[in-house]
Amino acid sequence: MSKKIVFFFPSFASSEATAPLGILAVATPLLRAGYRVVLIDSTITSNYKQRVLDEVRDALCLGVSLVTGPMIRETVEIARAIKERTPAFPIILGGWHPSLLPTQTLEASYVDYVVRGQGEEALLELVQHIESGSAPDLVSGIGFKREGKLIFTPERPLRQIADLPPKAYHLADFDAYERCCGRRWAMYISSLACPFNCAYCTNAGVYGRKWNALEAEQFVEETVDLTTRYNLEMLWVVDDNFLVDLDRARGIAAGLVQAGAAFQWSIQATTNLVARLSLDDLKLLRRSGLHQICQGAESGSPKVLKAMNKDFQDFDSIYESAGRCLAAGIRPSFNIIFAFPGEGRVERQETVRFIMDVCRRFPGSEFWTNIFTPYPGAPIIEKAAEIGIQLPNSFEGWADFFPRYTKLPWLNGREHERLQIMRDFLRIAFDRVPIAADRRRPVTRIVQKCISIPARWRLEHGALAFPVELWLNNKLKQRTAALKPAVDAKRLETAAQAAQVSCS
Ligand code: B12
Ligand code: SF4
């Protein structure tokens with residue numbers, strides 16, 4: 001019997017490529033138990049379909065990790081291709097989407113098993129059953145099929161992060177990720193869950209709200225080792241809310257300074273917690289290599305923030321902490337969600353004014369915008385029918401759910417077009433620094449800098465008609481695109497723009 005497990009990570013439509021942490025996490029117990037693991041990441045593998053088909057020939061099973069959205073397309077493509085050839089070959093889906101919608105996911109004919117929530121122990125136990133041919137009824141946290149029926153075992157209690165095994169980073173081909181992204185970096189996770197419960201967020205549904213974290217010493221030891229071992233220039237700490245324990249954050253910063261850490265790192269945290277950091281705290285964090293704090297500002301309208309259940313956030317502290325971050329040399333980076341239920345033109349313009357005000361008063365601040373996307377498991381989904389959102393009734397129906405393009409019943413046709421134009425102008429009006437290396441030619445940079453001036457004027461006056469600057473910008477981007485690695489993003493963009501997202 002084979003001891004080989006193949007993992008597939010479908011393309012997530014971005015050139016900000018690095019190793020999928022979820023797969024590295026579930027691989028460790030398998031490796032420790034003597035299994036061999038092969039990881040195929042679509043983003044860095046041009047012939048990914050053939051590679052998977054070749055690798056599964058002598059394997060025990062295939063595991064796929066995915067979130068809601070376009071990753072579903074390649075999951076379906078691969079699963080169908082395997083089943084055509086070997087109908088009985090076991091296919092296991094894990095990660096956010098199968099965790100949040102296990103029944104609908106398992107209903108797909110080409111899915112044999114789903115793992116809900118943390119997969120470290122559940123997958124190992126499941127694989128052992130597949131290997132021995134025994135029934136997995138006693139493996140908690142999974143779903144499977146028997147005689148055409150879907151069977152779900154009881155939920156698996158959540159493990160604290162400190163009790164989880166280290167991630168199998170050695171499986172990652174960092175050279176290939178660097179070729180694709182232009183930078184050599186990895187994700188690292190040091191805490192689980194978030195104490196808040198924003199209406200659009202799925203976190204509580206999978207990880208609950210009990211924040212728990214690694215000790216500062218473990219953070220320092222592991223990150224220094226990781227970056228040295230794989231020669232990484234940057235770590236993105238993907239904790240949902242890194243700053244819940246400020247003393248731990250200070251301890252980490254002091255520990256990294258003491259260890260002479262030479263890498264950059266970035267974190268995600270809520271605006272209210274960032275505001276608690278003093279200038280001295282921020283300077284210490286900067287000395288330790290912290291260069292960016294990503295925060296969910298989400299809207300410039302108090303009414304919309306209330307609807308989002310984000311009462312813990314206030315605007316004055318956002319301004320103050322943006323100033324302090326910049327004074328310490330750390331880039332404050334904010335996310336915005338447009339078109340949340342209840343946001344009309346007035347609230348949207350309030351948000352645009354807020355973005356422009358922050359960027360003007362604190363140059364170096366940056367904003368990333370999305371369109372509200374109703375995700376399964378988010379509190380707002382309970383009101384889906386009330387707000388007029390019809391959710392897909394099949395696994396494949398979720399493939400077009402992507403915040404870059406989402407169309408909503410209250411945001412359709414010209415209104416959707418207008419918002420996309422507004423987002424495009426925001427993108428060129430103020431600088432942003434993506435993780436992937438900037439591959440623009442100098443001439444492109446200069447022209448784009450020049451277009452930022454009319455873009456700001458347009459945003460200020462709501463003058464979005466005849467966006468010739470965007471046309472010019474797109475032409476310039478097309479020239480850069482040829483220099484970029486051939487990831488899926490462009491193909492997806494066209495496909496998704498053509499398709500009407502099925503929530504009308
Ligand atoms: C890093 C990250 C990204 C990176 C991914 C980079 C990469 N190379 O992997 C990037 C920037 C590309 C990204 C993009 C997006 N992301 Co994101 N992202 C995250 C983030 C912050 C961390 C994910 C992570 O690695 N966690 C650490 C690992 C160890 O935990 P884990 O993934 O939960 O894995 C465990 C289990 O899920 C399970 N498991 C995972 N995979 C597998 C596989 C198998 C076979 C098994 C058995 C088990 C299993 O076991 C693991 C260990 O316990 C999460 C938030 C979070 N808290 O996790 C959001 C999150 C996953 N992203 C989310 C979203 C919405 C997006 C975007 C749509 C955002 C956008 N504006 O475009 C895009 C979608 C991209 C796409 N594919 O379509 C949502 C997903 C919601 C959902 N319903 O699916 C999350 C949960 C954020 C949130 N709170 O809403 N993201
Ligand atoms: S603060 Fe962030 S991680 Fe926490 S619930 Fe809100 S959106 Fe989710």
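In listed order, ligands and their atoms are each counted from 1.
Relative orientation of the W410 and F372 rings is parallel, given thresholds of 30° and 60° on the angle between their planes. In this structure, Y169 and Y230 have tilted ring planes: the angle between them lies in the 30° to 60° band.
Cation-pi check for R248 over F242 is met; the charged atom lies under 6.0 angstrom from the ring centroid and within 45 degrees of its normal.
Here L62 contributes atom CG and F8 contributes atom CZ; the two are 8.5 Å apart, rounded to the nearest 0.5 Å. Rounded to the nearest 0.5 angstrom, I336 CD1 and N370 CG are separated by 10.0 Å.
Using a 4.0 angstrom heavy-atom cutoff, F9 counts as in contact with ligand 1. Not a single heavy atom of A378 lies less than 4.0 angstrom from ligand 1. Distances from ligand 1 to the non-hydrogen atoms of G63 include at least one value under 4.0 Å. The shortest separation from a heavy atom of P70 to ligand 1 is under 4.0 Å, placing the residue in contact.
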Worksheet item: Could you go step by step and tell me if F338 and R348 meet the side chain to side chain contact (heavy atoms under 4.5 Å, CB included) rule?
Response: CA-CA 7 Å; F338 279 117; R348 200 165 300 152; 3.6 Å; yes
Item to complete: Start with the C-alpha distance between Y375 and W398, add both sets of side-chain angles, then the distance that settles ring-ring contact (aromatic ring centres under 6.0 Å, His included), and finish with yes or no.
Response: CA-CA 9 Å; Y375 282 112; W398 289 94; 7.8 Å; no
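Remark: ligand 1 atoms within the under-4.0 Å shell around heavy atoms of C201 are 89 (N). Within the listing of ligand 1, atoms 83 (N) sit less than 4.0 angstrom from a heavy atom of L100. The ligand atoms of ligand 1 that sit less than 4.0 angstrom from a heavy atom of V238 are 1 (C), 21 (C), 22 (C). Listed by number with element, the atoms of ligand 1 under 4.0 angstrom from any heavy atom of G117 are 36 (C), 38 (C), 50 (O). Heavy-atom contacts of D240 reach the following atoms of ligand 1: 55 (C), 56 (C), 57 (N) (cutoff under 4.0 Å). Near V115, with a cut-off below 4.0 Å to any heavy atom, the atoms of ligand 1 are 47 (C).
Judged by distance alone, the side chain of Q118 and the main-chain N or O of R159 form a donor-acceptor pair under 3.5 Å. For E74 (side chain) and S11 (main-chain N/O), a donor-acceptor pair under 3.5 Å exists by modelled atom type. One N or O on the side chain of K4 and one on the backbone of E55 form a donor-acceptor pair closer than 3.5 Å. A donor-acceptor pair is defined here as one N or O able to donate and one able to accept, closer than 3.5 Å; such a pair exists between the side chain of W185 and the backbone of A17. Of the possible donor and acceptor atoms, none in the side chain of S65 sits under 3.5 Å from a partner among the backbone N and O of I23.
Residue W236 holds the heavy atom nearest to atom 4 (C) of ligand 1 of all those in Y113, F8, W236. Proximity annotation for atom 49 (C) of ligand 1: of G22, G119, G95, G95 comes nearest, heavy atoms only. Nearest-residue assignment for atom 29 (C) of ligand 1 (options N370, T18, L21, V64; heavy-atom criterion): L21. Scanning A399, G296, A17, S65 for the heavy atom closest to atom 43 (C) of ligand 1 points to S65. Of the candidates D41, V127, T369, T68, T68 brings a heavy atom nearest to atom 83 (N) of ligand 1. Of the candidates H97, R116, E120, the one placing a heavy atom closest to atom 52 (C) of ligand 1 is E120. Closest to atom 42 (C) of ligand 1 by heavy atom, among P20, G94, S191, A122, is G94.
Of the protein's non-hydrogen atoms, Y200 OH, 3.4 Å is the one closest to atom 7 (S) of ligand 2.
When only interatomic distances are considered, the shortest N/O to N/O separation between Y207 and ligand 1 falls below 3.5 Å. Checking only distances, E16 never comes within under 3.5 Å of ligand 1, N or O to N or O. The shortest N or O to N or O distance between Q118 and ligand 1 is not below 3.5 Å.
Among protein atoms, those of element N, O or S found less than 2.8 Å away from atom 4 (Fe) of ligand 2 are C194 SG.
The ring pair (Phe, Tyr, Trp, His ring centres under 6.0 Å) pairs that include a residue from residues 102-145 number zero, where partners must be two or more places apart or lie in different chains.
For atom 2 (Fe) of ligand 2, the protein comes within 4.0 Å by no heavy atom at all.
A33 approaches K3 most closely through the heavy-atom pair O-NZ, 4.3 Å. Taking each heavy atom of I72 and V67 in turn, the nearest pair found is CG1-O, 4.4 Å.
For E233 and R184, the salt-bridge test fails: no basic side-chain N is under 4.0 Å from an acidic carboxylate O.
Contact annotation: for V67 versus ligand 1, heavy atoms closer than 4.0 Å belong to both the backbone and the side chain.
The distance between the ring centers of F196 and W211 does not fall below 6.0 angstrom.
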